[in-house]
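Below: the structure, in structure tokens.
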Amino acid sequence: MSICNEKYEITDIAHEKYPFLHRIRALRDVGPTVKAGDLGGFVEGEWNLSYEDADSWIAHDAIAANAACVEGGALLRDQAVVCGEARIRGSSIISDYARVEDHAVVDGARVEVYAKVSAHALVSGLPNGAFPIISGESVVHGIVSGNVLVTDEAVVLGDEKIVNEALDRLVLTEEGRRIERGPGRDTLLPSAQYFGRKKSHHKQRETVR
């Protein structure tokens with residue numbers, strides 16, 4: 001273990017199927033749920049999980065292998081796998097049996113169920129807080145960003161770029177795509193509430209005498 005790593009240690013507990021992987025153990029509290037002494041998932045080496053940030057973690061039986069890295073507050077959990085030279089960062093959550101591999105980058109997004117993010121894919125959130133969810137048995141090889149749900153058996157090819165900055169979610173399935181409007185979107189709001197201010201967005205015109 002690096003003398004700089006005060007976040008976790010790599011134990012002698014080897015993975016049953018892949019003995020080159022070993023469980024980690026927290027040396028201090030990590031994020032809101034991991035306490036010092038808790039066991040985590042499996043890594044091949046310290047390069048698989050950053051020890052320089054506060055919250056990134058690998059939990060349960062999740063695996064980070066090869067040159068892959070979990071960093072920047074990301075969480076890898078359940079039976080999920082990140083491998084190859086993939087990068088998971090920016091508060092991303094990779095869960096269930098999802099897999100991120102090859103040269104893919106997931107930054108501020110969720111990948112879940114049996115979804116795969118592969119090749120040179122980029123799945124990322126936007127500054128406005130919109131983030132994509134890659135779910136079901138979908139496969140992403142291209143770029144997906146913003147308020148997008150890719151699910152069922154949908155496929156995003158390597159030359160595709162799908163970006164949605166709208167409040168309404170863009171949903172991609174193997175049968176096509178549709179827009180899901182958020183709850184309350186068809187209800188009109190007073191300007192003070194719509195713009196998040198106490199006063200109207202527009203100034204009243206003064207009468208010129």
Side-chain angles (χ1 to χ4, degrees), residues 15 17-18 21 41-44 48-49 55-183 185:
H15 192 279
K17 184 176 180 179
Y18 303 110
L21 301 171
F42 293 89
V43 300
E44 190 169 352
N48 294 134
L49 174 63
D55 298 331
S56 61
W57 189 246
I58 301 171
H60 308 125
D61 291 322
I63 291 172
N66 310 135
C69 185
V70 178
E71 58 190 355
L75 174 62
L76 185 67
R77 71 185 188 195
D78 303 322
Q79 307 285 334
V81 173
V82 54
C83 59
E85 298 179 65
R87 290 289 182 273
I88 311 298
R89 58 191 182 215
S91 300
S92 296
I93 299 176
I94 315 301
S95 62
D96 302 317
Y97 293 88
R99 188 179 181 99
V100 182
E101 58 194 0
D102 305 327
H103 301 276
V105 174
V106 178
D107 189 351
R110 283 168 44 192
V111 186
E112 59 189 27
V113 194
Y114 287 93
K116 292 181 174 61
V117 179
S118 310
H120 290 272
L122 171 61
V123 179
S124 64
L126 294 175
N128 66 3
F131 63 92
I133 301 173
I134 314 301
S135 189
E137 298 183 16
S138 60
V139 178
V140 174
H141 285 191
I143 296 174
V144 179
S145 186
N147 195 4
V148 181
L149 170 62
V150 183
T151 189
D152 296 336
E153 296 181 2
V155 174
V156 178
L157 299 176
D159 59 351
E160 290 186 282
K161 181 177 181 180
I162 299 172
V163 179
N164 182 30
E165 300 181 16
L167 294 176
D168 300 318
R169 173 167 287 167
L170 171 61
V171 179
L172 278 69
T173 71
E174 74 273 17
E175 297 179 351
R177 56 188 61 184
R178 67 179 186 274
I179 294 292
E180 283 187 353
R181 289 179 63 79
R185 287 277 284 141

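As the structure is a prediction and not an experimental result, all values here were calculated from the model.
Side-chain contact between Ile63 and Leu21 is present, with at least one heavy-atom pair separated by less than 4.5 Å. Between Val171 and Ile179, every side-chain heavy-atom pair lies at or beyond the 4.5 Å cut-off. For the pair Lys116/Val140, no side-chain contact is recorded, criterion being any heavy-atom separation below 4.5 Å from C-beta on. With a 4.5 Å cut-off on side-chain heavy atoms, Val150 and Val156 count as touching. Between Val123 and Asp107 there is no side-chain heavy-atom pair separated by less than 4.5 Å. With contacts defined as side-chain heavy-atom distances shorter than 4.5 Å, the pair Ile162/Leu170 qualifies.
Side chain of Asn164 to backbone of Val148: no donor-acceptor contact under 3.5 angstrom is found. Between the side chain of Glu44 and the backbone N or O of Ala65, no donor-acceptor pair lies under 3.5 Å. A donor-acceptor pair under 3.5 Å is formed between the side chain of Asn128 and the backbone N or O of Ala130. Checking side-chain atoms of Asp152 against main-chain N and O of Ala154 turns up no donor-acceptor pair under 3.5 Å. Using modelled atom types, no side-chain atom of His141 and backbone atom of Leu157 make a donor-acceptor pair closer than 3.5 Å.
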Table please: side-chain donor-acceptor pairs of residues 86-95 below 3.5 Å, with sequence neighbours left out.
residue	atom	partner	partner atom	Å
Arg87	NH1	Ala67	O	2.8
Ser92	OG	Arg89	O	2.6
Ser92	OG	Val106	O	3.4
Ser92	OG	Gly108	N	2.8
Ser92	OG	Ala109	N	3.1

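Taking CG from Leu75 and OG from Ser56, the interatomic distance works out to 9.5 Å, rounded to the nearest 0.5 Å. To the nearest 0.5 angstrom, Leu126 atom CG is 5.5 Å from Glu165 atom CD. Taken to the nearest 0.5 Å, the CG atom of Asp168 stands 8.0 Å off from the CG atom of Asn147. With rounding to the nearest 0.5 angstrom, the CD atom of Glu160 is 8.0 Å from the CG atom of Leu172. Glu112 CD to Asp96 CG: the interatomic distance, rounded to the nearest 0.5 Å, is 6.0 Å. Taken from CZ in Arg169 to CZ in Arg178, the straight-line distance is 10.5 Å, to the nearest 0.5 Å.
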Stepwise, does the side-chain contact (heavy atoms from CB on, under 4.5 Å) test hold for Tyr97 with Val113? CA-CA 5 Å; Tyr97 293 88; Val113 194; over 6 Å; no

For Ser135 and Arg110, run side-chain contact (heavy atoms from CB on, under 4.5 Å): C-alpha distance rounded to whole Å, both residues' side-chain angles, the deciding distance at 0.1 Å, then the answer. CA-CA 8 Å; Ser135 189; Arg110 283 168 44 192; over 6 Å; no

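Between Phe42 and His15, the angle of the ring planes goes over 60°, which puts this pair in the perpendicular group of the 30/60° scheme.
In this structure, a donor-acceptor pair under 3.5 Å is present between the side chains of Ser118 and Glu101.
Applying the side-chain hydrogen bond (donor to acceptor under 3.5 Å, both in side chains) test to Thr151 and every residue at least two apart in sequence or in another chain returns nothing.
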